[in-house]
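Notes follow the structure.
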There are 2 protein chains.
Amino acid sequence: MTTSRDDRPAGLRERKKARTRAAIQDHALRLFIEQGYAATTVEQIAEAAEVSPSTFFRYFPTKEETVLYDRLDPVLIESFLNQPPELSPLAAVRGALHAIFDSLDSEESELERARQRLVFSVPELRARLLDQVAGGLTMLNDAVAKRVGREPDDFDVRVWSGSLIGILVAAYLASIEDGSDDFIGYFDRALTRLEEGVPLQP
Amino acid sequence: MTTSRDDRPAGLRERKKARTRAAIQDHALRLFIEQGYAATTVEQIAEAAEVSPSTFFRYFPTKEETVLYDRLDPVLIESFLNQPPELSPLAAVRGALHAIFDSLDSEESELERARQRLVFSVPELRARLLDQVAGGLTMLNDAVAKRVGREPDDFDVRVWSGSLIGILVAAYLASIEDGSDDFIGYFDRALTRLEEGVPLQP
DNA sequence: TGTCTTTTGACAGTAGCTCTCATTTGATGC
DNA sequence: GCATCAAATGAGAGCTACTGTCAAAAGACA
């Protein structure tokens, strides 16, 4: 049997769980946008999703996590690792970014953008997001090391990965500040600068 | 009259406030190290510092802040801005880092290191630290822009600042992982790499 | 249908944090 | 010194995120 994507919904139990999880997350996001993050209590979310508060915490360890859980992250890493081996690390990064973000339909990317706006405007969430980014740095560093055939604790590799993440964050912030939706374009330009050795003439 | 450093303790009130603040922070740090961060309650800290819990929250908005408040941060920025104008941005960064960290006596830097270890081991604190780093990026970006005579939203400037911060964080993490105390040395090497255009050959 | 396992809800409890109000304590003019 | 005012403090009530326990409900499987 061949199911197109999310392979095998399996039992009723699993499907119900997935639905509950999605319901909680959706209602949470909606309420946060409508009334603000702090002003929305877990109890309200639970009620909206028609579960008890206890159940809420069985699905999400913290209120923050309903917003922070990023479905794209693991997909991005996987895509990076699957880029053709003859590509340079930087070209592979570029390829992975495009592969993922160009595949989102307009509804998905609109929701994703709403989520990002929320994360950036709530200090609490922003802080945890950055911690995730730092975690991503380790993963990226390992992947880069593998790709260029060096050790993960190689200093050049670490510095390179660090600059890459720093550049991406800076480009992302720039796109937000400019009010632009085209963060992929910003990423591209930033990657090109890194390719050129991060020049900076007065 | 010449007071050596912290100019004019002024009134009794001010001095008492400063003492209370320091007491809270010191006892908090001590208790965190002794019993762990989560296991230490605000009530315990308040009791140790001989103030009421209400007073604790008048001095620090959150429990986290007792650890996170970094006295070196504003000093670093100031030092960067005061570096001789003929230096390149990168040389100015190097100069500022050395100016500050080389001036710490052994007790100060030991305490600072204990604080850093704590911050890095508690996810909650680490997350907020990173948010501070992101805030620092904006300040750095503005300072760099001024230094090279460009606009703060200049893309090259942003990318450069981003890569610098990313590199410093990566170098810092590397020093921690290696168990080295010489993070200044790591910073230096990382800065040199940036100077060379962040090369990475396979 | 009956049994076993997972999921759920009710409830109680802890701790971070806010707010209010009365009391104390340092600053200041006389 | 003393009276007056502003700032600092403590006591206490209250909200909410989060944890842990236990019994009831619902799906899996025979």
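All figures in this text were calculated on a predicted structure; none of them were measured in a lab. Naming: A, B, ... by sequence-line order, numbering from 1 per chain.
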Minimal heavy-atom distance between B:Leu97 and B:Ile184, with the atoms involved, is O-CD1, 4.0 Å
It should be established whether [X] places a side-chain nitrogen or oxygen under 4.0 Å from OP1 or OP2 of nucleotide [N].
X	N	value
A:Lys63	D:dC18	no
B:Lys16	C:dT25	no
B:Ser52	D:dT9	no
B:Tyr59	D:dA8	no

Practice task
Would you mind classifying the nucleic acid contact of A:Pro53 as base, sugar-phosphate or nothing, using non-hydrogen atoms under 4.0 angstrom?
Solution key: nothing
Item to complete: Mind running ring-ring contact (aromatic ring centres under 6.0 Å, His included) on A:Tyr69 and A:Tyr59 for me, showing each step along the way?
Response: CA-CA 12 Å; A:Tyr69 179 70; A:Tyr59 280 87; over 10 Å; no
- Query: Looking at C:dA15, does its base get a donor-acceptor pair with the side chain of B:Thr41 below 3.5 Å?
  - Reply: no
Among the nucleotides D:dG10, D:dA17, C:dT8, whichever has the atom closest to the side chain of A:Thr20 is C:dT8
Winner on side-chain proximity to A:Thr62, out of D:dG10, D:dA28, D:dC18, is D:dC18
- Name the orientation class of the two ring planes belonging to A:Phe120 and A:Tyr172 (parallel below 30°, tilted from 30 to 60°, perpendicular beyond 60°). tilted
Walking DNA chain D from its 5' end, the first of A:Tyr37 and A:Arg58 to be reached, judged by nearest nucleotide, is A:Tyr37
